[in-house]
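Read the structure below first, then the notes.
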Amino acid sequence: MRDSDLVGRIRSGETDYVVVMDDFRQQVHRWLYAMVGPGSDLEELTECVFIRAYSRLGRFDPTKGSFVTWLHTITHNVAVSFLRQRNHAPASLDAMTEEQGPTCAGPAELYEAKVRWEKLQQAIGRLDPLKRHAFVGHHLRGLTWEQVAAEMHCCEHSARNWSALATEELRAAL
Amino acid sequence: MITLCKAASVPDFTEEELAVYGDLSDTLRDCKHPDIEKYLKRAPGAGARLRRLLETEVRLFDELARVRAEHPGVDLARLLDPDWRSRKK
């Protein structure tokens, strides 16, 4: 079914929006995880994305992109709003403890982590573009292998292979 | 649909290895903690290379989770691969 048909059927009530969105729930959850990190807010944010998407169905324009791309844009906007609010809200002790992990890292650990991250960033930057595309697509953007393959115009086998080769190459940076 | 050819001399992974790697990676991406040994049992013929790959994958996801937790407002995908949007076109 084409995206425009799908949206039309939802708007006319022929197709149940909740059922359709269930197919996208895991995907939206992964996108949100990639943008805001782990936490109990993910379920609530996922619902927020679906509510916002429903209220804006009339604005979906298939000539500007696919339904998935449109949903990703809404997810991104919800995540950005959430992060803005969270970063301006006074942090509770519980939240701070949770974010910092079970034990507070000392200066040495923090320095080591910073150096490790810089090494990893540089190593990702040095990857062949195809390897980086596959790796970032799956590991950071939360795409499925099928979606990575579609973006790269290759088969899933190749997408996994590029990502695996990237992972292998990044080992030295860890 | 094309299969991309790789110029580098590093050998490709086998179909079996990639199936195991892909599934482990999916599990990690879904914020679960997989048992590597169980995954390795699915590819009994695979050598040390697959074990190293899976161990690295776990460490990479740990590292990315740590960085996300420390920098919640940063879009790591754009930071690490700023070209992905233009490549999509």
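A note on names: the letters A, B, ... follow the listed sequences, proteins ahead of strands, and every chain is numbered from 1. When reading the values below, keep in mind they use all heavy atoms of this one structure, side chains included, and skip hydrogens, waters and symmetry mates.
- Proximity to chain A at a heavy-atom threshold of 4.5 Å picks out B:R49, B:R52, B:L53, B:E55, B:T56 from residues 42-56 of chain B, in numerical order.
- A salt bridge links A:R25 with A:D22: at least one charged nitrogen is closer than 4.0 Å to a carboxylate oxygen.
- At a threshold of 4.0 Å, the pair B:E63-A:K119 does not count as salt-bridged, since none of the basic side-chain nitrogens sits closer than that to a carboxylate oxygen.
- The most heavy-atom pairs under 4.5 Å with chain B, out of A:A173, A:G142, A:A79, come from A:G142.
- Ring to ring, A:W31 and A:H72 are close: their centroids are under 6.0 angstrom apart.
- The two residues B:Y21 and A:S163 have their closest heavy-atom pair at OH-OG, 2.7 Å.
- Considering CG of B:L28 and NE2 of B:H33, their distance stands at 8.5 Å, rounded to 0.5 Å.
- Contacts between B:E57 and chain A at a heavy-atom distance below 4.5 Å involve backbone atoms as well as side-chain atoms.
- Neither the backbone nor the side chain of A:A150 comes within less than 4.5 Å of any heavy atom of chain B.
- The heavy-atom pair separating A:T75 from A:V49 by the smallest distance is OG1-CG1, 3.5 Å.
- A distance of 6.0 Å separates CG of B:D12 from CG of A:L165, quoted to the nearest 0.5 Å.
- When heavy atoms are compared at a cutoff of 4.5 Å, A:L120 approaches chain B solely by way of its side chain, counted from C-beta outward.
- In this view, B:F13 satisfies the ring pair (Phe, Tyr, Trp, His ring centres under 6.0 Å) rule with no residue, not counting sequence neighbours.
- In this structure, the portion of A:H76 lying under 4.5 Å from any heavy atom of chain B is its side chain and not its backbone.
- Contacts between B:L64 and chain A at a heavy-atom distance below 4.5 Å involve the side chain alone, from C-beta outward.
- Chain B forms more heavy-atom pairs under 4.5 Å with one residue of A:Q121, A:E168, A:H138, A:E169 than with any other, namely A:H138.
- When the shell of 6.0 Å around CD of A:Q26 is examined, it contains 12 or fewer heavy atoms from other residues, nucleotides or ligands.
- Proximity to chain B (any heavy atom under 4.5 Å) is restricted, for A:R30, to the side chain, taken from C-beta onward.
- Exactly one residue among A:H139, A:K131, A:R132 makes a side chain to side chain contact (heavy atoms under 4.5 Å, CB included) with A:I124. That residue is A:R132.
- Contacts between B:E15 and chain A at a heavy-atom distance below 4.5 Å involve backbone atoms as well as side-chain atoms.
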